[in-house]
Amino acid sequence: MTDQASLASGVALRYATALFDLAAEGGVLAAVEADLDKVTALLDESVDLQRLIKSPVFSSDDQVRAITAVLEAAGIGGYAANFVKLTARNRRMFVLPDMIKAFKALAATARGEVPAEVVSAEALSDAVVENLKAALSEATAKTVTLSTRVDPALIGGLIVKVGSKMIDTSLKTRLTKLETAMKEVG
């Protein structure tokens, strides 16, 4: 499974880097990033679209036709549309979400931003998000772009990921560590 994950991440980075280089050369980084955000929103909203990009049952031609119709209906064109269609032609649509994440990370780095992800047990208020953003910006001495996600399984606390660093203060992790320690004792 890790071989499959590393293969997918390698493919994602190669495709994202190629798109980033083309968009930077064409001076359309912001437009491409905005269009890719729309693609991500479409994927998040539609189970059928998720099935289309993940299922090997659909032929390359079927994927290209379907995704072309979706992109046209959403008003997505240019580099982003061509990129998504290319992934369909090359049978790489299953890696599209990772490609978009990799592209956004490259674009953020080019802008001098550091992406950070915060996972919490329940939705964070705007004030807490802004405080976290400010604290992380101060700690990294860079502008931080923060994405948040809710995972009720954490029970409480936060998991903060900035680059390759992760701070896990979740109650779930603390309970797991306590359980492990108890097993070692008895």
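Each residue takes its place number in the sequence, starting with 1.
Closest approach of L52 to I67, counting heavy atoms only: CD2-N, 4.3 Å. For the pair A102 and A16, the tightest heavy-atom approach, listed with the atom from each and the gap, is CB-CB, 3.5 Å. Contact detail for F58 and R91: the closest heavy-atom pair is O-NH1, 2.6 Å. In terms of heavy atoms, F83 sits closest to Y15 at CE1-O, 3.6 Å. The two residues F20 and F103 come nearest to each other via the heavy atoms CA-CE1, 3.4 Å. The heavy-atom pair separating A12 from V95 by the smallest distance is CB-CG1, 3.6 Å.
Side chain of Q50 to main chain of L43: a donor-acceptor pair is present (N/O by atom type, distance under 3.5 Å, no hydrogens or angles). Of the possible polar contacts, one joining the S137 side chain to the K133 backbone as a donor-acceptor pair under 3.5 Å is found. Using a distance-only test at 3.5 Å, with no hydrogens or angles considered, no donor-acceptor pair links the side chain of T87 to the main chain of L96. In this structure a side-chain-to-backbone donor-acceptor pair under 3.5 Å is present from D168 to S170. The backbone N or O of T143 lies less than 3.5 Å from no partner atom in the side chain of R111, so there is not a single donor-acceptor pair. Using modelled atom types, no side-chain atom of E117 and backbone atom of R149 make a donor-acceptor pair closer than 3.5 Å.
Linking Ile, Leu, Val, Met, Phe, Trp and Tyr whenever their side-chain heavy atoms come within less than 4.5 Å puts V28 and L86 in one cluster. Grouping the Ile, Leu, Val, Met, Phe, Trp and Tyr side chains by contacts below 4.5 angstrom, directly or via other members, places V64 apart from I53. Hydrophobic clustering (ILVMFWY, side-chain heavy atoms < 4.5 Å, transitive): V129 and I159 are in distinct clusters. Cluster annotation: V128 is connected to V144 through the hydrophobic network of ILVMFWY side chains, with a link wherever side-chain heavy atoms come within less than 4.5 Å. Residues F94 and L36 are members of one and the same hydrophobic cluster, defined by side-chain heavy-atom contacts under 4.5 angstrom among Ile, Leu, Val, Met, Phe, Trp and Tyr.
In K54, the NZ atom is not crowded: 12 or fewer heavy atoms of neighbouring residues, nucleotides or ligands sit closer than 6.0 Å. Within a 6.0 Å radius of CG in D44, more than 12 heavy atoms belonging to other residues, nucleotides or ligands are found.
To the nearest 0.5 Å, atoms CG (L13) and CE (M99) are separated by 10.5 Å. From I155, atom CD1 reaches atom CG of L171 across 5.0 Å, with rounding to the nearest 0.5 Å. For the atom pair CG (L42) and CG (D48), the distance works out to 12.5 Å, reported to the nearest 0.5 Å. Note that OG of S120 and CG of L154 are 7.5 Å apart. Values are rounded to the nearest 0.5 Å. Between the OG1 atom in T68 and the NZ atom in K85 there is a gap of 4.5 Å [rounded to 0.5 Å]. With rounding to the nearest 0.5 Å, the separation of OG in S125 from CG in N131 is 8.0 Å.
Each of I167, T148, V119, L124 was scored for a side-chain contact (heavy atoms from CB on, under 4.5 Å) with L158, with one residue passing: L124.
A salt bridge between K104 and E33 is present, with a side-chain N of the basic residue lying under 4.0 Å from a carboxylate O of the acidic one.
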| task | Apply side-chain contact (heavy atoms from CB on, under 4.5 Å) to the pair T109 and V114, showing each step before the final yes or no. | result | CA-CA 6 Å; T109 301; V114 175; over 6 Å; no
| query | Given S59 and D62, is the side chain to side chain donor-acceptor pair (under 3.5 Å) satisfied, shown in steps? | reply | CA-CA 5 Å; S59 72; D62 289 342; 3.2 Å; yes
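When side chains are defined from C-beta on, V160 does not count as touching M166, because their heavy atoms never get closer than 4.5 Å.
Donor-acceptor pairing under 3.5 Å is lacking for the side chains of D35 and Y79.
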